[in-house]
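What follows is a set of notes on a single structure, which appears directly below.
What you are looking at is a predicted structure, and each value in this text was computed from that prediction instead of being measured. Chain naming here is simple, since letters A, B, ... match the order of the sequence lines and numbering starts at 1 in each. All values below were derived from every heavy atom in this structure, side-chain atoms included, with hydrogens, water molecules and symmetry-related copies excluded.
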Amino acid sequence: VRKLLVCLILFVFTSGHAADRRVVILKVDGLPPQMLADFVRARDPATGLSRLPWIEKVFFRDGAWVKNFYSRGVSVSAPSWQVLETGWPLVIHGNVEYDRYTMSAYDYLNFFPFYFRYSRSKSVDMPIVETLDRLGIPFLLDRFAVSERYQGIQLFQRELRWPTVESTLRKRFTSRSPEKLFNEWQSGMDLRNMVNEQIARELLERLKDPKILYLDYFTPEFDHLLHIDNNPDSQYVRLRELDRLVGLIQTEIERSPLAGQTLFVVISDHGMNTSPDFFSQGFDLVKFFGSARGGGHHVVTNRHPNEAFKVKGLNPFVSAVITPAPKSSYLPGQQARYPTVLLDLDGNERASIYLRANALNRIHLLLQQLQRKDLSGDERTQVTNMLENVINKNRKSWQRVADELEEELNAVRAAIDNTRRIVASLPNKKTPEARRLRVRIEDWSRSVAAYGKYRQTLLNLLSLNARQLGPGFRIEDFVARRAMGDGNTIHDLQNYVTAFGNGSFRTTNYFAALASLNARNNVQDRVSNRPVDFTAVRIPRDDLTSLFSEEVEDGVWLYGDDRHQALIVHRGNKLRYMPVAALTQDADGRIHFENSLWGEGYPLHIWEDPDLEVPDDDRAAWLDEWHTETEWLRATHRTRYSNAVTSLAEYFLRRPAPDGDLVTRFEHRRRENTDADFLAVASDGWNFNVRGFNPGGNHGSFLRSSTRSTLFLSGVGIPAGLVIDEPYDGLSFVPTLLRLLGRPHDGFPGPFISELFAPAS
Amino acid sequence: MKLAALFLWMLLSIQVPPAYAQSGGTNSDLHLERLDTGAGAELLTLVSIRTGSPEPVISFLRDTLGDDDPSNDRIRYIWVLTYARPSFTQRMKASVPFFYRKSGNAPNTDKPPKPIVDYSATSRRSLTGVLGKLFQREFLDSNGMWSRATTRSYGSNAGEYRNTRISQSLEAMSSVDLESIFPGLSAKELDRIQGRLIVTQRLFGDLTSEPHLSIAKEQHELRNSAMRAANWEMLRQKAEENGLYFQPLRLGSQDPSYVLLWVAREDLAIPNRAFDKQLLHIPSPWNDERIADIGYSETWHFDDQNRRVDSDSIGSRQVEVIPLALYSLNHPKAPLLMVDFRDRSKVRRVEVRRRAFEDTAGVLSLGFFSTWTYLGARNAWTALRGRWGAPINRQARLRPYSNLRYELSVDNSLDPQLRAIIAESVEHLSVNPFERSLAEESNLAAEQYTALKVWALSPNGLAPKLDRDRRAEMAGLTHGKALRGLFTVAQVASLGLYRHREEPTPDRWAQLDRQRRINYHVAQLREVLESSPKPEVVASIRDIGESVELLSELSKQDPSSGKRVAKLVSRLFRQTADDGLRHQCLDSLTRMQHEAADNELAKLMADPELAAWLRSAQQALRADSATEIEVSSNGAGGP
């Protein structure tokens with residue numbers, strides 16, 4: 001009884017404690033911690049004080065700095081924020097993702113369609129929130145009651161506060177004196193940060209309210225600036241604005257009723273590969289894939305290439321743009337129906353590349369042959385045989401997909417009816433909850449229709465009797481328009497069909513083709529002439545099982561060139577990096593490669609990196625072993641490629657479908673259908689941006705400058721002046737924060753940042 | 001006064017942190033010439049020595065009131081030494097519509113140049129500008145085509161000439177570490193000078209407040225920096241895509257501001273190559289026979305990574321390259337073509353065509369309401385072309401043309417033959433009758449500088465002008481708002497002929513000195529208070545304390561400043577959390593012996609937060625029995 005009483009008292013105490021704690025999170029997209037630290041250390045010659053005095057005071061002197069904090073998976077905004085916001089492993093893999101079967105784009109960064117749809121009651125939350133909601137993944141904000149939170153405008157926007165948006169323009173002008181407005185007019189009025197100015201005003205006001213326990217402020221400004229300008233003076237101007245905001249928030253926290261119970265956090269999703277010593281150079285993959293050498297593809301991107309120079313580029317609602325190939329070998333003029341490459345280039349130091357299923361290319365080319373009237377009998381027979389072979393080879397998997405889809409689509413239709421009934425029964429249909437249900441119904445309805453169409457083409461293919469194909473058949477009955485089909489295997493990508501001639505297919509090996517790209521103008525000392533550093537592709541566990549004595553999970557193949565390749569393999573909670581060469585996959589799916597000895601030049605350059613923290617005399621032995629993620633992180637995080645081993649493993653790991661009903665399985669399928677075929681990673685100093693020019697800097701690669709992120713904490717429970725050297729990644733953020741706030745924090749995969757809780761500190 | 005005594009009794013001692021040292025760099029290409037004029041002012045001149053012979057660029061007159069205290073100094077005038085009074089012939093030519101040629105042969109001058117910025121008359125330029133536009137519209141435009149065309153042409157040429165000279169001087173200033181060259185001027189002062197030069201190019205720019213000028217300069221640089229980087233990368237990608245060679249050039253700048261595109265002679269033999277001329281604005285070099293007429297080529301060597309190396313590098317590959325085009329990166333949206341080596345008059349032709357197109361509306365008096373269809377169509381077409389990357393902004397085009405002329409004049413990095421080709425092409429780019437040739441401009445700058453120095457030292461030159469300006473400044477200190485308003489009305493009504501000035505008495509001199517120092521410290525404090533919710537975090541407490549101390553002393557001697565100083569000190573008290581500073585604020589307010597200060601004290605007393613602070617301060621005082629507080633007989637206390 002006494003123990004129970006003690007437990008009860010403790011519970012009451014901690015519960016009460018927890019309820020009082022408040023968090024203010026300043027989310028600064030793309031803020032590199034080292035740049036911040038350098039400016040903090042620099043002294044203003046006029047005052048002798050830090051050039052960022054507030055940040056120095058609040059976080060460097062009175063707070064803690066998690067000095068080696070990395071983005072997990074990929075250093076791109078949407079995926080990185082997803083890990084930081086949810087504490088869950090990666091489920092979003094890019095700023096834009098495309099559904100392979102329907103080519104619909106998940107455009108996570110475009111605010112305009114969201115505002116527009118929200119104003120018409122067609123959406124409630126930003127697309128990334130809708131996606132996570134469908135998967136049942138809550139995020140940090142959801143752990144606070146609606147009345148307890150104040151959320152700024154951001155990627156993870158849950159609902160929209162119209163009053164904030166409406167008052168933005170008015171306040172922009174009424175909050176300044178006429179003299180100041182005149183001065184601003186003369187020097188060029190800067191309206192870029194209008195919304196965030198209003199958010200800051202509201203945040204400072206809400207800090208006075210002790211009932212609000214979660215407040216955040218998101219700014220993409222710094223990321224935007226670093227992309228376009230590598231000039232430290234320009235960067236300092238923006239950092240100074242951030243410093244002032246930190247000062248305003250901290251001052252208001254100190255004045256507020258919850259002054260002693262507030263945690264103040266500054267966090268960024270990734271770093272930035274920027275340096276005043278060089279401009280980042282762009283390489284146009286859209287042009288490459290559209291060229292004869294790249295396969296002559298019609299390419300889809302989420303924004304117009306060079307949008308600033310096109311009238312069409314002014315359209316803010318665009319999510320998918322097709323750039324026709326000038327050298328398309330078999331689909332000239334058919335770009336609207338048959339784009340065959342989808343690119344996600346955001347972040348810009350990497351590109352997620354979706355190629356249409358090789359089997360569909362083959363079928364398309366063979367059907368084109370069968371449409372020819374000048375085909376001889378023998379040729380027709382040969383083509384027919386080839387077509388049957390392709391179909392038969394894929395028959396089993398397509399049948400499985402068609403059958404599963406039928407079950408799932410029926411279940412979704414039932415779910416739609418059910419949800420409609422729920423909505424109909426709601427007394428108030430204008431609440432966010434009711435609107436969310438309507439949005440869900442609309443989304444499901446669209447998906448059912450689009451997936452149904454794709455399934456029908458699969459059924460048509462499965463029932464196709466090539467020998468009885470009459471004249472005038474339509475190819476789109478068998479090859480779905482605007483669909484990529486299933487993902488390609490390594491074999492497909494090494495033998496990717498781009499044309500047909502003389503009775504055989506012409507193929508391209510994309511790994512070799514991308515590795516061979518080079519630039520004529522090599523004018524910067526720190527930038528090489530090779531735009532592509534390496535390519536990475538997932539190897540499904542089934543293809544790897546025969547190669548290892550133990551059971552392994554999905555692996556990753558990294559391709560530098562033919563002789564410099566590597567495998568990253570998952571086994572339970574351990575990982576291994578193996579240097580290999582000449583890896584190929586045969587038509588039957590068997591993987592072949594040569595084991596290589598450790599040496600220089602393999603992807604990620606682990607062996608030769610002087611900052612690899614393993615015993616020098618036993619480097620090979622350590623590298624030949626399986627190690628946990630933590631061990632890999634500790635050993636590699638200071639190397640040039642920082643946490644690439646763990647991040648690549650995370651990026652390509654596909655988790656099995658969760659137990660659940662058919663609707664859950666359908667949602668899991670939709671997620672898996674957004675998988676790209678492979679990832680091309682840019683060399684240091686290069687980027688793949690085509691939307692405009694990003695000479696200032698970029699991110700998205702695994703280089704330490706891109707992955708190393710900012711995490712500063714100050715306030716309740718945070719030891720003053722603490723610098724944590726131990727490396728952590730994004731998975732640690734949510735559990736650590738919840739624990740600091742005294743809220744439930746169990747069940748997350750990431751470790752706590754234990755130094756923050758250590759008694760000694 | 002009881003209130004003041006109460007606060008004094010409350011004062012606690014404070015510790016002031018030490019100051020930090022200041023550091024700066026050096027620059028060997030430009031140097032400063034300082035001339036003491038003997039009139040309580042010094043003439044500071046930036047002189048370029050890049051090409052061996054000194055070339056004066058820009059001069060400032062710093063009115064020091066003859067002492068060493070920088071807080072009462074102010075910049076009076078700025079002269080751009082290549083900006084000269086036009087000759088009669090130049091004026092006539094500038095009045096001729098569609099006359100797009102420079103007119104050289106400027107006569108030798110011994111007259112001092114006209115300041116491009118006169119700080120004592122900053123509002124005059126805006127006012128005359130507005131009145132001029134009204135006069136143009138209401139009178140000149142309605143008096144026939146000749147009246148309209150000539151005056152518009154003249155006005156446009158004169159304005160552009162002034163702005164391009166300013167732009168040149170800004171370019172020169174941005175190319176060096178000014179702080180190391182002007183050790184006597186603070187970074188903030190230098191920023192404000194540059195900010196003034198930036199905003200003065202706009203009609204109302206001269207009315208911009210002094211504290212905002214550094215922001216104007218900062219934003220100007222932010223835009224330029226991003227613009228240069230984007231243009232650099234755009235040209236590199238275009239060169240890559242079209243099989244050309246890309247060479248960034250610095251010339252006289254700190255950052256690469258120009259790019260040369262080259263073509264390899266060996267590539268000219270490859271048949272049927274594609275060429276995308278969008279944004280490059282040059283025709284395809286493939287199968288173009290004019291390449292042979294360029295008359296200049298270089299031999300470059302590359303290693304296996306396509307990096308340029310020395311000719312003796314082992315295994316290097318040799319390529320003969322021919323220049324195709326020179327671009328300026330200092331142009332918004334897209335790089336600006338400066339020289340097309342195959343057609344050296346092309347850029348001029350295109351520029352003349354553009355100007356003629358733009359000037360037609362002015363000459364024909366096509367107003368929006370009279371011919372909205374024409375103007376609507378023209379504006380839509382211009383907007384479209386701008387969207388596609390065409391250089392549609394006239395001022396934005398003129399600046400790079402003018403800056404390249406200056407940078408070529410001080411550059412010694414280019415091969416002389418190549419430099420001569422570029423210089424010849426750039427000479428053609430002068431489309432303003434007020435412009436002169438490079439050599440003439442260089443001579444003109446030297447002559448004007450000599451004349452300026454003579455004038456500055458002459459008893460009938462600078463001294464009386466400075467005296468008049470100081471007396472006008474005194475008028476603002478001596479009279480109240482109403483009377484000052486009347487003076488302004490009189491000045492406007494007389495079109496600037498009348499300007500009220502005070503007789504300089506020793507008292508007024510002292511008042512001028514005090515006011516300048518008060519203004520200086522008020523500006524310092526305001527800036528700190530606006531930049532941070534707690535001033536002590538972003539500025540040295542000692543500096544803040546010194547400003548407060550000086551302000552209270554100065555405002556005691558000059559009660560007219562009491563109100564604004566009291567308000568400022570009171571604001572400082574509310575914003576700071578530093579006990580020492582708070583005590584100093586109270587001390588200052590008490591010692592000011594001014595009604596406004598007493599009012600501010602009363603307001604602070606009524607503030608509950610202050611009451612709490614006072615209580616805690618009292619408690620601290622009691623607890624620390626060893627603390628001794630000295631209270632002087634007049635009520636002033638201190639640590």
Self-check item: Distance in Å, B/Leu279 CG paired with A/Asn306 CG, rounded so as to fall on 0.5 Å steps
Solution: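 Reported to 0.5 Å precision, the distance equals 7.0 Å.
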
Quiz item: Heavy-atom distance under 4.5 Å between the side chains of B/Arg387 and A/Phe309, does that happen here?
Solution: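 With C-beta onward as the side chain, the pair stays apart.
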
Pick one of side chain, backbone, both or neither for [X], based on which atoms fall under 4.5 Å of a heavy atom in chain B.
| X | answer |
| --- | --- |
| A/Arg51 | neither |
| A/Ser50 | neither |
| A/Val237 | side chain |
| A/Leu314 | both |
| A/Lys57 | side chain |
| A/Glu241 | neither |

Quiz prompt | Those residues of residues 228-238 of chain B, ordered by number, that approach chain A below 4.5 Å (heavy atom to heavy atom) | solution =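 Within residues 228-238 of chain B, near chain A: B/Ala229, B/Ala230, B/Trp232, B/Glu233, B/Met234, B/Arg236, B/Gln237.
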
Between the side chains of [X] and [Y], is a donor N or O closer than 3.5 angstrom to an acceptor N or O?
| X | Y | result |
| --- | --- | --- |
| A/Ser187 | B/His212 | yes |
| A/Ser234 | B/Glu221 | no |
| B/Thr208 | A/Asn183 | no |

Exercise. Check whether NZ of the Lys or CZ of the Arg A/Arg520 lies under 6.0 Å from the centre of the six-membered ring of B/Tyr245 and within 45 degrees of that ring's axis.
Key: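 Yes, a cation-pi geometry holds between A/Arg520 and B/Tyr245.
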
Quiz item: Is the backbone of A/Ala308 close enough, under 3.5 Å, to the side chain of B/Lys333 for a donor and an acceptor to pair up by distance?
Solution: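 Looks like yes, one N/O pair under 3.5 Å.
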
Please look at [X] and chain A and tell me whether the side chain, the backbone, both or neither of the residue comes under 4.5 angstrom of a heavy atom of that chain.
| X | result |
| --- | --- |
| B/Leu213 | neither |
| B/Glu241 | side chain |
| B/Ser209 | both |
| B/Glu530 | backbone |
| B/Ile198 | neither |
| B/Gln305 | both |

Exercise. Can you check whether anything in residues 521-529 of chain A gets within less than 4.5 Å of chain B, heavy-atom wise, and list it by number?
Key: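 So far as heavy atoms go, A/Asn521, A/Asn522, A/Val523, A/Gln524, A/Asp525, A/Val527, A/Ser528, A/Asn529 are the residues that approach chain B to under 4.5 Å.
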
Quiz item: Would you call B/Lys534 and A/Glu254 a salt bridge, taking side-chain N to carboxylate O under 4.0 Å as the test?
Solution: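 Judged by the 4.0 Å cut-off on N to carboxylate O distance, B/Lys534 and A/Glu254 do form a salt bridge.
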
Quiz item: Charged N to carboxylate O below 4.0 Å: is that the case for A/Arg240 and B/Glu218?
Solution: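 Yes, A/Arg240 and B/Glu218 are salt-bridged.
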
